Amino acid sequence: MAEKGDSSAIGAGTTSMAEKETPSMTEKEASSATGEETSSMAEERKSSAVGDETDLEKVVERVVTTIPEDDATYKIDIMNESKRLLSLLKEMKLNQTVGLGRGDGDRAFLDVQPVILGSGQNWLNDGNLKCAMVDRVLVELLLEKLSSSLPDQNDAAKDLQLLTKAKPSCREAFSKLNDAISRLLSPLSLTKVESNPELQEDLITTVLNILTDDHNKHLVGGHPRAIPLLTESMKYGTDETRRNAIAALVSLSALDLNKFIIGSSGALAPLLEVICVGHPLAIKEAASAICSLCKVYENQDKFTKIGAVKIILQKIKEGILVDELLGVLAVLSTHNDAVEELGDPDTFQYLIDIKRNTASEIARKNCIQILFNVSMLEKSSFGDEKKKSRRVI
């Protein structure tokens with residue numbers, strides 16, 4: 001009986017051990033499953049982080065979904081939180097590498113809890129991204145920095161130049177923000193434009209960049225300081241600044257109203273000065289600007305009166321940008337005073353020689369246009385015989 005009891009006890013012990021072993025196996029499996037799950041989650045997080053780092057839109061989507069627009073109640077809170085969040089966004093928008101690999105205890109702000117502003121407004125949630133609003137806030141912050149210290153101005157100007165080059169929504173932001181053009185130009189308005197060449201170049205380039213947006217063409221063209229500052233920058237600044245200032249005038253002149261504004265602003269003589277002594281690339285931009293502006297008769301008249309025909313002919317004889325400058329003469333040749341200069345026998349013959357000898361189809365066509373206009377519009381005081389001889393082209 002004792003043996004039976006002992007056997008029973010052993011059996012019971014065996015059963016008890018078996019019962020203990022079974023949960024032990026379950027825990028191991030659970031631990032393994034948990035490990036696999038943890039590994040999977042880690043891989044997923046790692047993959048997500050890599051995706052976030054390489055795809056800006058995914059990053060922004062996880063950061064900001066809605067930023068209130070034109071609401072004074074939230075403005076201070078928004079700006080404070082923006083400065084923290086958008087510093088990284090700015091780097092990503094500029095396609096610069098930003099490391100997200102931080103320890104689990106200190107992940108990038110992509111894993112932070114939603115920011116609850118003082119007003120109770122929730123910045124981060126699982127909604128759709130409004131990236132244009134993010135860009136608008138970023139531009140707003142950079143415009144604010146332009147009124148700060150000189151180092152801040154330099155940094156902000158560089159960032160604005162790069163962002164407006166890369167992002168259409170950043171260019172569009174200038175037509176949405178209050179007094180954006182004035183704030184952009186303010187550092188150049190307070191001192192001589194050339195006193196800080198790097199700052200000047202970045203700001204003038206930013207003006208050029210934003211003019212791809214038609215709303216901005218209206219805003220910049222109508223701003224009392226914009227065209228005078230562009231005119232000054234044609235005369236003073238780096239070669240890049242001068243070219244971009246002229247290119248900005250070309251872009252502005254796409255609107256007829258701006259053609260009149262530019263023509264009345266004092267910009268015409270500096271453009272002609274660029275033709276005289278400018279770098280070939282600047283001359284090319286100036287030629288484009290003159291052609292565009294001369295679609296308005298009043299500007300044709302002004303350019304002719306300040307000696308455009310003589311200056312342009314001289315550059316052509318020097319062999320500089322012949323195609324482009326003949327194009328300017330073709331536009332001017334519809335003006336009576338320009339015809340009088342172009343109708344000079346020596347000049348007329350020179351244009352005939354270009355037409356006959358040039359290998360450029362553009363130059364040949366421009367010469368034909370000029371000669372035709374002169375022949376049709378030349379004044380009777382030249383004499384019938386002279387007119388007859390000149391019409392043999």
Side-chain angles (χ1 to χ4, degrees), residues 246-247 249-260 262-263 267-269 271-276 278 280-393:
I246 301 168
L249 291 177
V250 175
S251 185
L252 285 170
S253 68
L255 300 182
D256 286 342
L257 177 60
N258 287 341
K259 289 181 176 71
F260 288 99
I262 295 169
L268 304 192
L271 279 171
L272 204 53
E273 182 68 17
V274 172
I275 299 291
C276 283
L281 291 176
I283 293 175
K284 187 173 183 178
E285 292 290 354
S288 297
I290 295 172
C291 283
S292 179
L293 292 169
C294 283
K295 292 177 182 178
V296 171
Y297 179 82
E298 287 82 352
N299 291 336
Q300 274 190 12
D301 187 58
K302 291 175 182 177
F303 273 118
T304 302
K305 287 179 177 177
I306 61 176
V309 172
K310 181 179 179 180
I311 290 170
I312 292 170
L313 277 171
Q314 181 59 41
K315 301 307 285 188
I316 291 172
K317 290 176 181 178
E318 293 173 8
I320 296 174
L321 296 173
V322 173
D323 287 357
E324 290 82 357
L325 294 180
L326 282 172
V328 177
L329 285 184
V331 173
L332 290 173
S333 66
T334 60
H335 190 279
N336 284 334
D337 290 343
V339 165
E340 190 169 339
E341 293 185 68
L342 293 168
D344 172 80
D346 291 337
T347 300
F348 199 88
Q349 186 60 51
Y350 176 70
L351 293 169
I352 292 174
D353 291 341
I354 293 177
K355 180 188 77 70
R356 289 174 175 170
N357 299 323
T358 184
S360 167
E361 185 65 17
I362 294 174
R364 193 182 72 82
K365 287 182 177 179
N366 283 329
C367 280
I368 291 173
Q369 184 64 55
I370 296 166
L371 294 169
F372 175 80
N373 289 340
V374 170
S375 297
M376 295 298 293
L377 298 174
E378 63 185 353
K379 296 182 178 180
S380 59
S381 60
F382 291 165
D384 292 341
E385 290 302 319
K386 288 183 179 180
K387 285 195 290 183
K388 182 177 179 181
S389 66
R390 282 196 295 273
R391 287 173 182 165
V392 181
I393 61 176

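On a predicted model such as this, the values are computed, not experimentally measured, just so you know. Note: hydrogens, waters and symmetry copies are ignored here, and every other heavy atom, side chains too, is used.
No side-chain heavy atom of L268 sits under 4.5 Å from any side-chain heavy atom of I290. With a 4.5 Å cut-off on side-chain heavy atoms, Q314 and K310 do not count as touching. Residues L313 and L342 have side chains in contact (heavy-atom distance under 4.5 Å, counting atoms from C-beta outward). Residues L321 and K315 fail the side-chain proximity criterion, which asks for heavy atoms closer than 4.5 Å. In this structure, S375 and F348 have side chains that are in contact, with non-hydrogen atoms separated by less than 4.5 Å. A 4.5 Å side-chain heavy-atom check between I262 and S253 finds at least one atom pair inside the cut-off. Between L293 and L271 there is a side-chain heavy-atom pair separated by less than 4.5 Å. Between V339 and M376, the closest side-chain pair of non-hydrogen atoms is not below 4.5 Å.
Checking side-chain atoms of D337 against main-chain N and O of D301 turns up no donor-acceptor pair under 3.5 Å. Remark: the backbone N or O of K355 is not paired with any side-chain donor or acceptor of T358 at under 3.5 angstrom. Not one N or O on the side chain of N366 forms a donor-acceptor pair closer than 3.5 Å with the backbone of A330.
Tested against Q349, the residues I352, T347, D346 include a single side chain to side chain contact (heavy atoms under 4.5 Å, CB included) partner, I352.
Atom CG of D344 and atom CD of E340 lie 10.0 Å apart (nearest 0.5 Å). Taking CD1 of I312 as the reference point, atom CD1 of I320 lies at 12.5 Å (rounded to 0.5 Å). Distance check, rounded to the nearest 0.5 Å: CG of D256 to OG of S292 gives 8.5 Å. For the atom pair E318 CD and L325 CG, the distance stands at 10.0 Å (nearest 0.5 Å). Of the inter-residue distances, the one linking I283 atom CD1 with E285 atom CD reads 11.5 Å to the nearest 0.5 angstrom.
Taking both residues in full, the closest heavy atoms of C276 and I311 are given as SG-CG2, 3.3 Å, listed atom of the first, atom of the second, then distance. Across all their heavy atoms, E298 and F260 have their closest contact at OE1-CE2, 3.7 Å. Across every non-hydrogen atom of L332 and Q300, the tightest pair is CD2-O, 4.3 Å. When all heavy atoms of I316 and L329 are compared, the closest pair comes out as CD1-CD1, 3.6 Å. Scanning both residues, C367 and L351, for their nearest heavy atoms gives SG-O, 3.7 Å. Scanning all heavy atoms of the two residues, the minimum distance from A286 to V274 falls at CB-CG1, 3.8 Å.
Ring to ring, H335 and F303 are not that close: their centroids are 6.0 angstrom or more apart.
More than 12 heavy atoms of other residues, nucleotides or ligands sit less than 6.0 Å from atom CD1 of I306. In the displayed structure, K365 atom NZ is contacted under 6.0 Å by at most 12 heavy atoms of other residues, nucleotides or ligands. For K284, the NZ atom sits in a loose shell: 12 or fewer heavy atoms of surrounding residues, nucleotides or ligands are nearer than 6.0 Å.
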Task: Test log, rule side-chain hydrogen bond (donor to acceptor under 3.5 Å, both in side chains), inputs N373 and Q369 - done: CA-CA 6 Å; N373 289 340; Q369 184 64 55; 3.1 Å; yes

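Of the N and O atoms on the side chains of S360 and D323, at least one donor lies less than 3.5 Å from an acceptor on the other residue.
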